Amino acid sequence: MLKIYNSLAREKQAFVPITPGSVRMYVCGMTVYDYCHLGHARVLVVFDMVQRWLRASGLHVTYVRNITDIDDKIIKRAHDNQQSIGELTARFIACMDEDAAALGVDKPDHEPRATAYVPQMLELIGQLERNGLAYQAAGGDVNFSVRKFPDYGKLSGKSIDDLRAGDRVEVDGAKEDPLDFVLWKTAREGEPSWPSPWGNGRPGWHIECSAMSSELLGKHFDIHGGGQDLQFPHHENEIAQSEGAHRCHFVNYWMHNGFVRVADEKMSKSLGNFFTIREILKKYDPEVLRFFILRAHYRSPLNYSDSHLDDARQALSRLYTALKAADAAVKVEVEVEVDWHEPHAQRFKQAMNDDFNTPEACAVLFDLAGEINRQHSSALVSQLRGLAGLLGLLKRDPQAFLQAAPASDGETSVEHIEALIADRLTAKQRKDYGAADRIRGELQAAGIILEDGASGTTWRRS
RNA sequence: GGCGCGAUAGCAAAGCGGUUAUGCACCGGAUUGCAAAUCCGUUCAGCCCGGUUCGACUCCGGGUCGCGCCUCCA
């Protein structure tokens with residue numbers, strides 16, 4: 001039985017889908033005005049893992065991850081770049097798709113863009129107004145009235161009176177309460193706008209998700225995910241909007257992934273301490289990055305540093321090395337069936353069912369690798385490949401992984417390496433170990449490690 | 001000021017009221033021409049102070065420290 005830590009209840013709860021056998025899940029995706037950074041990578045990978053495990057558990061999954069393609073930052077960036085908003089967002093959506101694909105992230109079932117759902121947002125705002133929860137302020141903005149929604153604060157555990165809106169940011173004087181948030185922003189000169197009953201304008205950020213989720217998943221669905229920083233105010237506001245408009249329960253399970261940190265500080269655009277995915281992929285294999293993310297629990301903070309990624313690479317190499325040694329018997333690229341009665345698979349399943357405990361699941365993979373190194377059992381090789389595959393790992397040919405060069409490095413060609421290995425073999429046959437070792441040293445200096453096995457010499461990158 | 005999370009060996013990171021987590025690194029041995037990989041073995045833990053218990057890293061209470069949210073942020 002799958003248990004999920006529900007941010008709403010602040011405890012692990014047994015997962016019971018609304019419709020038996022199927023799951024509807026919504027995750028807040030990117031605002032596309034820049035390259036994705038490591039924090040985005042974590043959301044992408046974590047919820048991809050969740051989605052995979054739900055499917056592996058036999059559930060029919062509808063996974064929605066939205067794209068915010070209209071917002072203040074997008075407008076500003078497009079203006080700064082002197083390009084249209086459409087050009088800007090198209091470019092960064094393409095970049096996001098590339099990054100996600102590199103990380104082995106499956107395409108969600110739906111990737112709605114905010115600009116395509118304005119009618120639904122207007123409908124929702126209208127309903128909120130009819131329900132007495134929205135009002136048009138002096139300046140023309142339509143706001144949500146938090147005081148009129150008694151449950152406000154139930155997700156974040158905050159009470160309206162304790163919140164100190166305006167402490168750090170100037171409050172819009174036209175709001176009835178400082179915490180009221182905007183549903184519809186009145187059009188400003190030079191900014192994109194849509195016609196509406198409240199005048200030309202554009203949607204507030206929070207209403208986008210409420211509109212897209214109910215349109216694609218219904219008014220009441222199973223799982224809503226996102227980064228921890230969205231819990232308040234974004235998700236709190238989504239609840240207020242959706243439950244306020246639909247008068248029914250919105251989401252059963254709220255999942256929030258922990259932050260990526262640098263030197264113990266949250267990685268964020270505002271702090272400027274972020275690394276983009278593509279920047280990291282110049283130095284590290286994308287699978288190493290995926291593994292780095294999954295070997296930590298999704299709710300824990302994840303500290304980024306080069307040495308941690310080096311460590312992850314070494315660890316992942318151990319798994320691939322085990323496959324390499326035993327792989328002759330098992331074909332690559334073949335979908336492997338997991339034998340769920342086998343003890344390792346049982347442990348794996350138990351770990352994953354315990355709120356997606358991927359660190360424990362990874363430990364099972366390493367135990368399996370050790371067993372394979374001892375026994376060279378092809379049954380265990382399929383178990384390793386099959387289980388790792390459910391995490392989106394170990395899908396490649398081991399040799400290809402072990403020999404893969406970072407994108408930025410293309411100095412030592414495979415031909416050159418193989419020529420030197422042949423030279424070394426001749427030297428070894430002459431028992432000229434001095435010459436053989438010199439060649440090996442030369443390659444080692446270039447980051448190539450040689451391994452003399454029973455069936456000849458193989459190489460990998462250090 | 002309000003609310004929340006965390007503190008595990010050199011580093012990273014889980015479970016668990018009593019029995020090896022796991023990975024990297026380190027040390028000893030096997031293997032190897034020597035290495036690498038692999039195997040076997042060893043060493044290295046649980047912020048502090050109380051309490052509960054036959055027994056606590058694990059439960060409870062109190063500290064200390066760190067982090068996050070309360071502003072756009074994954």
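Below, chains carry the letters A, B, ... as their sequence lines are ordered, and counting in each starts from 1. Keep in mind that this is a model prediction, so the values were computed, not measured. These numbers come from the heavy atoms of this one structure, side chains and all, not from hydrogens, waters or symmetry mates.
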### Message
Is there a ring pair (Phe, Tyr, Trp, His ring centres under 6.0 Å) between A:His235 and A:His256? Walk through the geometry before answering.
### Response
CA-CA 10 Å; A:His235 291 160; A:His256 293 99; 5.0 Å; yes
### Message
Quick test of your reading of the model: are A:Arg77 and A:Asp80 salt-bridged, counting only N-O distances below 4.0 Å?
### Response
no
### Message
Tell me the interatomic distance from A:Phe348, atom CZ, to B:G15, atom P, rounded to whole angstroms.
### Response
16 Å
## Note on the structure
Answer for the Watson-Crick or wobble partner of B:G41, both distances under 3.5 Å, is B:C27
### Query
For A:Phe181 and A:His206, what are the C-alpha separation, side-chain angles and deciding distance, and is it a ring pair (Phe, Tyr, Trp, His ring centres under 6.0 Å)?
CA-CA 9 Å; A:Phe181 55 91; A:His206 312 296; 5.3 Å; yes
### Message
Here's a test for you: under ring pair (Phe, Tyr, Trp, His ring centres under 6.0 Å), which of A:Phe15, A:Tyr26, A:Phe356 qualifies with A:Tyr253?
### Response
A:Phe15
### Query
Considering only heavy atoms, which members of residues 453-460 of chain A lie under 4.0 Å from some atom of RNA chain B?
A:Arg460
### Query
Can you tell me how far C1' of B:G2 sits from OH of A:Tyr152, to the nearest Å?
15 Å
### Query
Between A:Phe250 and A:Phe221, does a ring pair (Phe, Tyr, Trp, His ring centres under 6.0 Å) hold up when you go through it step by step?
CA-CA 7 Å; A:Phe250 178 39; A:Phe221 57 94; 5.3 Å; yes
### Query
Can a donor-acceptor pair under 3.5 Å be found between the side-chain atoms of A:Lys73 and the base atoms of B:C73?
no
Please list each protein N or O that sits under 3.5 Å from an N or O in nucleotides 29-33 of chain B, with the distance.
residue	atom	partner	partner atom	Å
B:G33	O6	A:Arg424	NH2	3.4
B:G33	N1	A:Asp437	OD1	3.0
B:G33	N2	A:Asp437	OD1	3.4
B:G33	N2	A:Asp437	OD2	2.7

### Task
Output the single nucleotide from B:A14, B:A74, B:C72 whose closest atom is nearest the side chain of A:Glu360.
B:A14
### Query
Should B:C47 form a Watson-Crick or G-U wobble pair with both distances under 3.5 Å, which nucleotide is its partner?
B:G63
#### Entry: Annotated protein contacts, base or backbone, on nucleotides 23-28 of chain B with a non-hydrogen cut-off under 4.0 Å, one of B, S, - each
BBS---
#### Entry: Under 3.5 Å on both distances, the Watson-Crick or G-U partner of B:U19
none
### Message
I want to verify a distance call: between B:C40, B:A14, B:C72, whose nearest atom is closest to the A:Arg374 side chain?
### Response
B:C40
### Task
Tell whether A:Ser156 reaches the base of B:C3 with its side chain through a donor-acceptor pair below 3.5 angstrom.
no
#### Entry: Mate of B:A14 where both pairing distances stay under 3.5 Å, Watson-Crick or G-U
none
### Message
Please determine whether a side-chain nitrogen of the Lys or Arg among A:Asp109 and A:Arg65 lies less than 4.0 Å from a carboxylate oxygen of the Asp or Glu.
### Response
no
